[in-house]
Amino acid sequence: MSSSVCYVVLGLAAALLLCCSQPAIAKEQRHEFVIQEASVTRLCNARTIVTANGQYPGPTVEVSEGDSLVVNVVNNATYNITIHWHGVRQMRTGWSDGPEFVTQCPIRPGKSYTYRFTVTAQEGTLWWHAHSSWLRATVYGALVIRPRDAVPYPFDFHGEIAPIMLGEWWDMNPIDVIRTATRTGAAPNISDALTMNGQPGDLYTCSSQDTTVFAVKSGETNLLRFINAALNTELFVSLAGHNMTVVGADASYTKPYATSVIVLGPGQTTDVLVTFDQPPGRYYLAARAYASAQGVPFDNTTTTAIFDYGASSMASPAMPTLPAYNDTATVTAFTTSLSNLHAVELPSAVDEDLFFTVGVGLFNCSAAQNCGGPNGTRFAASMNNVSFVLPSTVSLLQAHYQGDAAANGVFTTDFPANPLVQFDYTAQNVSRALWQPVPGTKLYKLKFGSVVQVVLQGTNIFAGENHPIHIHGYDFFILAEGFGNFDAATDTAKFNLHDPPMRNTVGVPVNGWAVIRFDADNPGVWLMHCHLDVHITWGLAMAFLVEDGVGELQSLGAPPPDLPVC
């Protein structure tokens with residue numbers, strides 16, 4: 001359907017008056033997520049997993065822009081948990097953002113917590129997921145944000161396909177996977193399968209009977225919403241025989257961009273239009289890894305779903321040609337082709353000009369520790385050589401709100417604005433003296449309303465890699481990206497200051513850089529981290545502390561009475 005069409009009720013004129021002239025009324029929607037164990041069978045084996053409401057993936061939450069959400073989360077599982085509303089701005093509602101020990105203490109088994117927030121100035125596809133340990137391997141779901149009633153989409157389509165959630169499956173408890181890695185210092189086991197809406201697809205053992213199938217009608221144009229919920233895998237996605245036209249990313253509209261393949265890092269979403277104009281049949285939607293780190297193991301399998309025009313189930317689906325796992329050129333072509341639907345007004349004056357390195361490193365271990373990383377070391381990761389350490393007795397936001405952070409030593413506000421040691425970040429042989437970061441809980445303080453520009457510079461310590469960097473509580477404009485070391489003297493001229501895409505997660509190119517800009521208009525403590533969960537586990541994160549502005553509307557609200565205690 002075209003979203004701009006108003007339905008005929010009392011004749012065309014009356015219908016247009018009725019549905020298009022009345023102000024849209026925002027609603028409050030209430031949901032309950034019961035975190036509980038459920039038994040599922042994948043890859044021939046029955047496994048007990050943690051779920052929301054017994055569903056894997058979890059429930060899809062659908063709202064209109066301007067609606068408020070009230071979600072009561074009841075933890076009936078055996079692990080602590082929090083829920084993060086990925087990409088939601090959370091204006092003045094940082095207590096509902098969700099990252100464990102950042103904006104709240106975890107919801108302990110047998111306890112509950114109610115998340116309350118309003119979704120404003122965002123339309124498209126976001127998602128929600130657990131933000132405790134590796135529980136988001138199975139605890140996640142889509143968040144669909146439609147325009148308000150009588151507000152049209154900026155494109156026409158006939159109908160929607162259910163959200164397509166890309167994930168990873170371990171043939172063991174993912175919490176055990178990361179706990180073993182944390183204990184030994186080694187890299188965690190890679191996943192055993194990739195999934196689409198929780199199913200691996202036809203190319204895996206014991207899986208074809210449950211392959212996800214989407215029914216489509218010949219000649220129709222449908223809206224498809226893709227979400228990469230995988231823990232550690234960036235993905236190429238392609239639909240056999242069909243082009244896709246990108247119209248949105250991370251709940252921000254883009255100029256239409258036609259492509260045969262899309263690229264999503266963990267955390268990213270992409271909305272596309274597909275016209276089903278091929279000969280009636282069955283067509284595979286397929287996804288496989290983009291693995292940019294040389295010599296690093298990855299899940300090299302391919303997950304599939306089927307788009308079915310109504311052909312016989314005996315027909316063999318057509319398979320798309322996916323890029324090679326290390327095809328960085330295709331990734332670059334995709335990301336640099338995205339632009340904002342509209343021209344934007346960017347502030348010309350930057351108040352905070354920051355430069356953050358992002359990359360993997362190693363902690364040295366004593367012989368007695370017997371660490372499982374390379375040459376007896378322990379894997380680490382950092383930003384500006386600080387490996388982020390979460391508190392364990394209070395959340396960062398609580399400590400900030402109570403004003404006792406300095407006295408109790410919860411965090412400091414001396415995260416460096418630039419690398420303390422400058423070097424050839426993408427050299428082939430970075431000095432081993434630079435491989436070991438310093439652990440710390442360091443925040444960077446921002447004045448309310450300041451204009452912030454961050455150069456995110458990848459490093460080639462241990463292995464250069466594409467890093468999907470996510471900021472909580474903010475969208476940002478991606479001004480440019482490139483390879484090698486960022487050089488302000490020459491690379492500033494490459495900035496797109498006219499229609500840069502707006503996202504909440506940016507892929508920093510392998511051995512390269514990306515530049516983002518945002519207004520610090522949301523007070524609170526906001527985590528910035530790599531959305532490869534193995535990397536945030538190793539410390540590839542920091543947090544911004546955005547101070548209150550003037551008056552209630554520029555200040556963080558008080559914590560809710562049911563905020564979990566540590």
Side-chain angles (χ1 to χ4, degrees), residues 80-82 84 90 94-108 111 113 131-133 178-179 182-183 185 352 354 356-358 361-366 369 378-421 436-448 450 452 454 471-473 520 522-530 535-548 555-561 563-566:
N80 294 339
I81 197 165
T82 64
H84 170 51
Q90 298 287 2
W95 306 108
S96 287
D97 187 42
E100 185 177 73
F101 294 116
V102 178
T103 61
Q104 68 169 98
C105 295
I107 308 168
R108 301 197 177 277
K111 303 296 184 179
Y113 178 52
H131 213 295
S132 300
S133 185
I178 189 55
R179 284 181 174 176
T182 301
R183 184 181 68 254
E352 296 278 359
L354 308 177
F356 293 173
T357 59
V358 295
L362 299 170
F363 283 134
N364 292 329
C365 295
S366 67
Q369 288 176 292
R378 170 181 293 275
F379 275 106
S382 67
M383 302 182 74
N384 274 357
N385 206 45
V386 178
S387 187
F388 195 68
V389 178
L390 287 170
S392 60
T393 59
V394 66
S395 75
L396 296 173
L397 188 59
Q398 287 172 285
H400 161 59
Y401 186 82
Q402 295 164 1
D404 59 1
N408 291 335
V410 177
F411 64 81
T412 59
T413 55
D414 57 346
F415 185 87
N418 296 276
L420 298 181
V421 177
Q436 180 156 312
V438 178
T441 309
K442 297 178 181 290
L443 279 58
Y444 191 89
K445 188 177 290 187
L446 296 171
K447 290 186 179 299
F448 183 92
S450 58
V452 185
V454 187
I471 304 183
H472 289 229
N522 194 9
V525 176
W526 304 106
L527 190 64
M528 181 181 193
H529 66 94
C530 182
H535 288 176
I536 187 175
T537 302
W538 291 342
L540 210 167
M542 57 81 65
F544 290 110
L545 193 165
V546 182
E547 299 176 315
D548 286 345
S555 300
L556 175 68
L563 188 71
V565 296
C566 291

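From a predicted model like this one, the values you see are computed outputs, not experimental measurements.
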Report yes if some heavy atom in the side chain of Asp97 is under 4.5 Å from a heavy atom in the side chain of Val102; otherwise report no. no
So CG of Leu443 and CZ of Phe415: to nearest 0.5 Å the spacing works out to 9.5 Å
Value for CG (Leu563) from OG1 (Thr103), rounded to nearest 0.5 Å, stands at 8.0 Å
Could you tell me if Asn364 and Gln436 have a donor-acceptor pair between their side chains, going purely by distance under 3.5 Å? yes
All heavy atoms of Gly94 vs all of Trp526, minimum pair found to be CA-CH2, 3.5 Å
Gly473 and Asn522 have their tightest heavy-atom pair at O-ND2, 3.3 Å
* Do Val525 and Phe411 come close enough that some side-chain heavy atom pair is under 4.5 Å? -> no
Between Ser555 and Asp548 (side chain of the first, backbone of the second, donor and acceptor by atom type, cut-off under 3.5 Å), is there such a pair? no
Under 3.5 Å, is there a donor on one side chain and an acceptor on the other for His472 and His529? yes
CZ of Phe388 to CE of Met542, rounded to nearest 0.5 Å, is 8.0 Å
Spell out, as yes or no, whether a donor-acceptor pair under 3.5 Å connects the side chain of Ser387 to the backbone of Trp538. yes
| task | Output yes when a side-chain donor or acceptor of Asp414 lies under 3.5 Å from a complementary backbone atom of Lys442, and no otherwise. | result | no
Between the SG atom in Cys105 and the CD atom in Gln398, the distance rounded to the nearest 0.5 Å is 4.5 Å
When rounded to the nearest 0.5 Å, the distance separating NE2 of His535 from CE of Met383 is 12.5 Å
Scanning both residues in full, the closest heavy-atom pair of Phe101 with Ser392 reads CE2-O, 3.4 Å
For Glu100 and Ser132, which I'm curious about, is there any donor-acceptor pair between the side chains at under 3.5 Å? yes
CG of Leu396 to CG of Leu390, rounded to nearest 0.5 Å, is 7.0 Å
Would you find a donor on one side and an acceptor on the other, under 3.5 Å apart, between the side chain of Thr82 and the backbone of Pro106? no
Note: Asn385 and Pro437 closest approach over all heavy atoms is OD1-CA, 3.3 Å
For Leu397 and Gly524 the tightest heavy-atom approach is CD1-CA, 4.0 Å
(request) State whether the side chain of Thr357 and the backbone N or O of Asn384 hold a donor-acceptor pair below 3.5 Å, judged by distance alone. (result) yes
